[in-house]
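Along the sequence shown, residues are numbered consecutively beginning with 1.
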Amino acid sequence: MSARALTRPQWRLAVAGVLLLAAVLRGLWLTADPPTRHTVGVVWHDEGAWTHNARNQALWGVWRTDAWNPMFIAPVFTVLETAAFQTFGVGTWQARTVPAASGLVAILALMWGLSAVAGRRAALAGGVLLATSYTFVMWNRAALMESTMTMFIVVGWAAYARSVQRPVWGLLAGVAVVLAFFTKAAAAFFVGAVLLELATAWWAGRTSATSATSATFLGLSIAGVVALAMFVIPYWTEFQFYNWEMSVTRKPDYALRAWLDRATWLPLTHGVFTRMWLVVLVAALATVGIVSRWRLAHPAERLAVLWLLVGLVELVVHDSGNERRYVMFVPALVALFSLRIGAATATPCVPSGGAAKATPCVLLLPVLAILAYVVIGSALRLVWLDDVLANDYRMTVRVSAGLALVVVALVWWRWAAVTTWLRSAALTTPLVAAVVLITAGTDLTLYAQWAAGRTHLNYEASRALGGLLPPGTLVHGKLANGLSLDNQIAPLFVGRGFGNYADRLDRDDARYILTYTAPRLGYEGSVILDVLQHYPRQRVLAEFDVEETSGPDRAALIDKFPDGPDPRARHQ
C-alpha cells in the first residue's frame with residue numbers, strides 16, 4: 001500500500017474522528033431494541049439475566065438474592081456493570097454503557113497495535129472497519145459479555161504486538177488475556193492461542209521477541225495466580241459448576257456427527273462473514289501468506305492467525321450455531337486485513353530449493369481448506385439464502401466444499417506461482433479504499449435501516465411493569481430478569497437444570513410469573529411451562545408489547561393466585 005505516511009497530527013485527528021464516529025453509532029438511542037431484521041443474534045432478555053448480580057449489588061447491597069449467580073462465570077463483566085449502575089443508576093442504557101465503552105476501547109487498541117506493526121494507514125483502515133461493523137456495533141449496544149470479552153482479547157493482541165519494541169507491554173498482554181477469560185470463559189480459546197504463539201516464538205528463536213515472550217508469559221502467570229487465589233479457589237464449587245457443568249457438559253453434543261455439522265455450519269448459519277466478505281477474502285489471503293512464512297512472521301501476525309484458526313476450531317468443538325460466538329472474529333478478520341495491506345506483509349518464506357521447487361507445507365493444506373470453505377460458503381450463502389434460512393444447508397455445503405477442494409488442489413499444483421503472487425501482489429490505495437468503503441457502506445446502510453425503524457418496546461415494557469408492581473416483588477421466570485432493568489422487581493431466574501430450577505414448583509412466595517405469549521407461550525424456554533402447568537388457577541394481569549423476533553411479540557404478567565393465597569401444601 002504505497003502512500004505517504006500520516007503525520008502525527010494527521011494521525012491523532014484521524015483516530016479522534018474514528019472514535020467519534022464509533023461513539024455516535026454506539027451511543028445513539030441506547031434504550032432501543034436490538035435489530036430483528038438483519039439480526040446479529042442479540043437476545044435482549046438475556047441482558048437482565050447476565051447483569052443480575054450487578055443489579056442486586058447496586059439496588060440492595062448484596063450480590064446473591066436467589067440461586068442464579070452468573071458472577072461466577074463472568075466476574076469481570078459483573079464488576080464493570082456494578083460500577084456502571086453505581087455511577088449512573090440501574091437501567092437499560094446504564095447497563096449498555098459497559099459494552100459501548102468496551103467497543104471504543106477495542107477500536108483504539110486495534111489501531112494502537114496495527115500502527116506498530118502495519119503502519120498508520122493500515123491502522124486507520126482497520127479502525128474504520130471495526131468502528132462501523134454492523135455486527136460489532138450492535139453487540140456493543142447489548143449488555144452482554146461478548147463485547148467486553150472481545151475488548152480484552154483485542155487489548156491482549158495489541159499489547160503483544162507492541163511488546164516486540166517494548167517488552168513491558170507483554171505484561172499487559174498477559175493480564176488482558178486472563179481478564180478476557182474471566183469476562184467470559186469462551187475466551188479460553190485465546191488463552192490457548194497465546195500459549196501456542198509463545199511456544200512458536202521460543203521455537204523460532206528470534207532475539208527481538210524473546211523478552212516480549214517472557215514478559216507476556218509473566219503477565220499470564222501473575223494474573224492467573226491472582227485469579228486462582230482470589231476467585232477460583234475460594235469459590236471452587238460455584239466456579240466449577242458455572243464454567244464446566246453449565247457451560248460445557250450441559251450444552252453441546254460432542255459426537256463426531258455433531259462436530260461435522262458444526263464445521264459445515266461455520267459460514268452458513270449466520271451472516272457475519274457474508275456482510276464483511278471482501279474483508280474475509282483479504283484476511284484469508286493474509287493468513288495463507290503468514291502461515292507460509294510462519295517462523296519468520298511477525299509475532300503479532302502469528303497471534304492474529306491463531307486467534308482466527310483456534311477460534312474456528314473452538315466453534316466446531318463447542319457451538320457454531322449461536323451467532324454470539326462470532327463476535328470475537330470481527331476484530332481478528334479486520335486485523336488480518338489491515339496487516340495484509342500494511343507494512344507487515346513481508347516476503348513469504350520460500351524453502352532453500354527456490355520458488356520453482358517450493359511446495360506448501362502439509363500443515364498449510366487444512367488451513368487453506370478451512371479458509372477456502374469459509375470464503376466460498378459465505379459468498380454462496382446468498383445464492384441459496386432461502387434454503388439457508390430454512391436451515392437446509394445441503395446444497396451450499398456440497399458446492400462450497402467441492403470448490404474449496406478444487407482451490408486446495410490448484411494451490412498445491414501451482415504453489416511456486418502462488419508463492420510468487422503472495423510475495424508480489426499489492427493492494428493499491430484505491431483498491432483498499434474501495435474495500436473499506438464498500439464494507440463500511442454496507443454496514444452503515446444496515447445501521448440506517450435499523451435506526452429508521454427502531455423501537456423501544458422492551459424498555460417501555462420494563463418501565464410499565466415497574467408501575468404495576470412495587471419494589472422487591474418476587475416475579476418468576478427468565479423473562480422477569482429480562483424485564484427487570486428499569487424497575488425494582490426481584491426476578492427468579494429459571495433455567496434448564498440451573499438457576500432456580502430445583503425449587504421452581506415450590507416458590508409459592510413468588511405470586512407472579514412473566515413469560516412470552518407470542519410468538520408462543522414460553523418462547524424464552526420450555527422450562528417455564530412446568531411452572532405454568534403447576535399453577536392452573538393463573539390469570540393474566542397485563543400484557544406488554546416486546547421486541548424479540550420479527551414479531552409481533554407479547555409478554556404477559558400472570559398472577560398464580562388470582563383468588564388469594566394458595567391453600568395447598570407446598571409441593572414436595
Chemist: Side chains of N53 and T78: donor-acceptor distance under 3.5 Å anywhere?
Modeler: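 No.
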Chemist: Test of understanding: with side-chain contact (heavy atoms from CB on, under 4.5 Å), list the residues that count as partners of L285, not counting sequence neighbours.
Modeler: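 So L285 forms a side-chain contact (heavy atoms from CB on, under 4.5 Å) with W421.
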Chemist: Passes side chain to side chain contact (heavy atoms under 4.5 Å, CB included), E323 versus V272? Steps please.
Modeler: CA-CA 8 Å; E323 196 165 359; V272 176; 3.6 Å; yes
Chemist: Can you tell me if H38 and R275 form a side-chain donor-acceptor pair at under 3.5 Å?
Modeler: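 Result is no, nothing qualifies.
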Chemist: Does a donor on one side chain and an acceptor on the other come within less than 3.5 Å for R96 and T31?
Modeler: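 No, no side-chain donor-acceptor pair sits under 3.5 Å.
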Chemist: Looking at R496, I want to see if its CZ is surrounded by more than 12 non-hydrogen atoms of other residues, nucleotides or ligands under 6.0 Å.
Modeler: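 Result for CZ/R496: enclosed.
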Chemist: Is there any side-chain hydrogen bond (donor to acceptor under 3.5 Å, both in side chains) pair reaching into residues 184-194, and which pairs are they, with sequence neighbours excluded?
Modeler: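 Qualifying pairs: E146-K184.
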Chemist: Quick one, M276 with L333, criterion side chain to side chain contact (heavy atoms under 4.5 Å, CB included). Give me CA distance, side-chain angles, the key distance, then yes/no.
Modeler: CA-CA 9 Å; M276 55 187 304; L333 292 165; 3.9 Å; yes
Chemist: Is the closest side-chain heavy-atom distance between V408 and W413 below 4.5 Å?
Modeler: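 Side-chain contact under 4.5 Å: no.
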Chemist: Start with the C-alpha gap between Y254 and H318, add the side-chain angles, then the distance that decides, and say whether side chain to side chain contact (heavy atoms under 4.5 Å, CB included) holds.
Modeler: CA-CA 8 Å; Y254 296 110; H318 192 69; 3.6 Å; yes
Chemist: Please list, chain by chain and in numerical order, all residues satisfying salt bridge (Lys or Arg N to Asp or Glu O under 4.0 Å) with D46, sequence neighbours excluded.
Modeler: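 For D46, the residues satisfying salt bridge (Lys or Arg N to Asp or Glu O under 4.0 Å) (neighbours in sequence not counted) are R324, K478.
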Chemist: Quick one, L266 and R262 - any side-chain contact, counting heavy atoms below 4.5 Å?
Modeler: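 No, every pair of side-chain atoms sits at 4.5 Å or beyond.
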Chemist: What's the shortest heavy-atom distance between A404 and A369, and which atoms?
Modeler: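 Heavy atoms only, the tightest pair is CB-O, 4.0 Å.
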Chemist: When the ring planes of F182 and F231 are compared, do they come out parallel, tilted or perpendicular, using 30° and 60° as the limits?
Modeler: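 Plane angle over 60°, so perpendicular.
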Chemist: So that I can tick it off, tell me whether R554 and E547 are bridged by a salt bridge, with the cut-off set at under 4.0 angstrom between side-chain N and carboxylate O.
Modeler: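 Between R554 and E547 there is no salt bridge, as every charged N stays at least 4.0 Å from the carboxylate O atoms.
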Chemist: As an exercise, state the distance from CG of L479 to CD of E524, rounded to the nearest 0.5 Å.
Modeler: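 Output value for this atom pair is 5.0 Å.
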Chemist: Minimum heavy-atom separation for R26 to L130, with atom names?
Modeler: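 Distance-wise, the nearest heavy atoms are NH2-O, 3.3 Å.
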Chemist: Show your working on side chain to side chain contact (heavy atoms under 4.5 Å, CB included) between F189 and L312 and close with a plain yes or no.
Modeler: CA-CA 9 Å; F189 87 94; L312 289 174; over 6 Å; no
Chemist: Mind checking what makes salt bridge (Lys or Arg N to Asp or Glu O under 4.0 Å) contact with E197, not counting sequence neighbours?
Modeler: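 Testing E197 for salt bridge (Lys or Arg N to Asp or Glu O under 4.0 Å), a comparison that skips the adjacent residues, returns R302.
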Chemist: Strictly under 6.0 Å, is that where the ring centroids of F493 and F498 end up?
Modeler: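 Yes, they do, as the ring centres are separated by less than 6.0 Å.
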Chemist: What I want to check is whether the side chains of S133 and D443 have a donor and an acceptor closer together than 3.5 Å.
Modeler: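 No, because no side-chain N or O of S133 sits under 3.5 Å from a partner of the opposite role on D443.
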Chemist: Nearest 0.5 Å, please: how far is OG1 in T287 from CG in L308?
Modeler: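 Between L308 CG and T287 OG1, I get 5.5 Å after rounding to 0.5 Å.
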Chemist: Do you know the tightest heavy-atom contact between A22 and L104?
Modeler: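 The answer is CB-CD2, 3.6 Å.
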Chemist: Once you round to the nearest 0.5 Å, how far does OG1 of T51 lie from CG of L144?
Modeler: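 Interatomic distance, T51 OG1 to L144 CG, rounded to 0.5 Å: 8.5 Å.
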Chemist: Going by salt bridge (Lys or Arg N to Asp or Glu O under 4.0 Å), name the residues that satisfy it together with R141, two or more places apart in sequence or in a different chain.
Modeler: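 R141 satisfies salt bridge (Lys or Arg N to Asp or Glu O under 4.0 Å) with no other residue.
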Chemist: Check this for me: Y242, atom OH, are more than 12 non-hydrogen atoms of other residues, nucleotides or ligands nearer than 6.0 Å?
Modeler: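 More than 12 within 6.0 Å, yes.
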Chemist: Please enumerate all residues that pass side-chain contact (heavy atoms from CB on, under 4.5 Å) together with V282, with sequence neighbours excluded.
Modeler: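 So V282 forms a side-chain contact (heavy atoms from CB on, under 4.5 Å) with F337, R340, L427.
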Chemist: Restricting to ring pair (Phe, Tyr, Trp, His ring centres under 6.0 Å), what partner residues turn up for W50, sequence neighbours left out?
Modeler: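 Only W68 meet the ring pair (Phe, Tyr, Trp, His ring centres under 6.0 Å) criterion with W50.
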Chemist: Would you call V546 and W44 a side-chain contact if the rule is heavy atoms closer than 4.5 Å?
Modeler: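 Yes, their side chains come closer than 4.5 Å.
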Chemist: In terms of the angle between their ring planes, are W307 and W157 parallel, tilted or perpendicular, with boundaries placed at 30° and 60°?
Modeler: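 It falls in the tilted class, 30° to 60°.
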Chemist: Within a reach of under 6.0 Å around CH2 of W29, are more than 12 heavy atoms found that belong to other residues, nucleotides or ligands?
Modeler: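 Enclosed: over 12 neighbouring heavy atoms sit under 6.0 Å from CH2 of W29.
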Chemist: Could you name each residue pair satisfying side-chain hydrogen bond (donor to acceptor under 3.5 Å, both in side chains) that touches residues 98-109, not counting sequence neighbours?
Modeler: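 The answer is S102-T148.
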Chemist: Mind listing the closest non-hydrogen atom pair of A131 and V18 along with its distance?
Modeler: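 Looking at all heavy atoms of both residues, the shortest contact is CB-CG1, 3.9 Å.
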Chemist: Tell me, please, which residues at least two apart from Y523 pass ring pair (Phe, Tyr, Trp, His ring centres under 6.0 Å).
Modeler: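 Counting only residues at least two positions away or on another chain, Y523 forms a ring pair (Phe, Tyr, Trp, His ring centres under 6.0 Å) with Y516.
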Chemist: When you compare the side chain of W294 with that of T200, does any pair of heavy atoms fall below 4.5 Å?
Modeler: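 Yes; the side chains approach each other to less than 4.5 Å.
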Chemist: Would a line drawn from the ring center of F72 to the ring center of Y235 be shorter than 6.0 Å?
Modeler: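 When the ring centroids of F72 and Y235 are compared, they turn out to be within the sub-6.0 Å range.
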Chemist: Test: side-chain hydrogen bond (donor to acceptor under 3.5 Å, both in side chains). Region: residues 393-407. Which pairs qualify, not counting sequence neighbours?
Modeler: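 For residues 393-407: N391-Y393, D392-R394.
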Chemist: Less than 3.5 Å apart, any donor N or O on the side chain of T92 or E47 sitting next to an acceptor on the other?
Modeler: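 On atom types as modelled, these side chains do not qualify, holding no pair under 3.5 Å.
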Chemist: Are any non-hydrogen side-chain atoms of V383 and V399 less than 4.5 angstrom apart?
Modeler: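 Not touching, per the 4.5 Å side-chain cut-off.
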Chemist: Return the set of residues passing salt bridge (Lys or Arg N to Asp or Glu O under 4.0 Å) with E245 (not counting sequence neighbours), or none when no residue passes.
Modeler: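 Salt bridge (Lys or Arg N to Asp or Glu O under 4.0 Å) check on E245 returns nothing, list empty.
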Chemist: Answer with yes or no after comparing the ring centroid distance for F273 and Y326 against a 6.0 Å cut-off, counting only values under it.
Modeler: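 Yes, ring centres under 6.0 Å apart.
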Chemist: Using a strict 4.0 Å threshold on nitrogen-to-oxygen distance, state whether R504 and D530 make a salt bridge.
Modeler: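 Salt bridge present between R504 and D530.
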Chemist: Please report the shortest heavy-atom distance between H270 and G321, naming the atom on each side.
Modeler: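 Shortest heavy-atom separation between H270 and G321 comes out as NE2-O, 2.8 Å.
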Chemist: Any side-chain heavy-atom pair from L129 and V330 closer than 4.5 angstrom?
Modeler: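 No, their side chains stay 4.5 Å or more apart.
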Chemist: Taking ring pair (Phe, Tyr, Trp, His ring centres under 6.0 Å) as the definition, give me every residue that meets it alongside W450, ordered by chain and number, with sequence neighbours left out.
Modeler: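 Only Y447 meet the ring pair (Phe, Tyr, Trp, His ring centres under 6.0 Å) criterion with W450.
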Chemist: Compare every heavy atom of P331 with every heavy atom of L110, then report the nearest pair and how far apart it is.
Modeler: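 Looking at all heavy atoms of both residues, the shortest contact is CD1-O, 4.1 Å.
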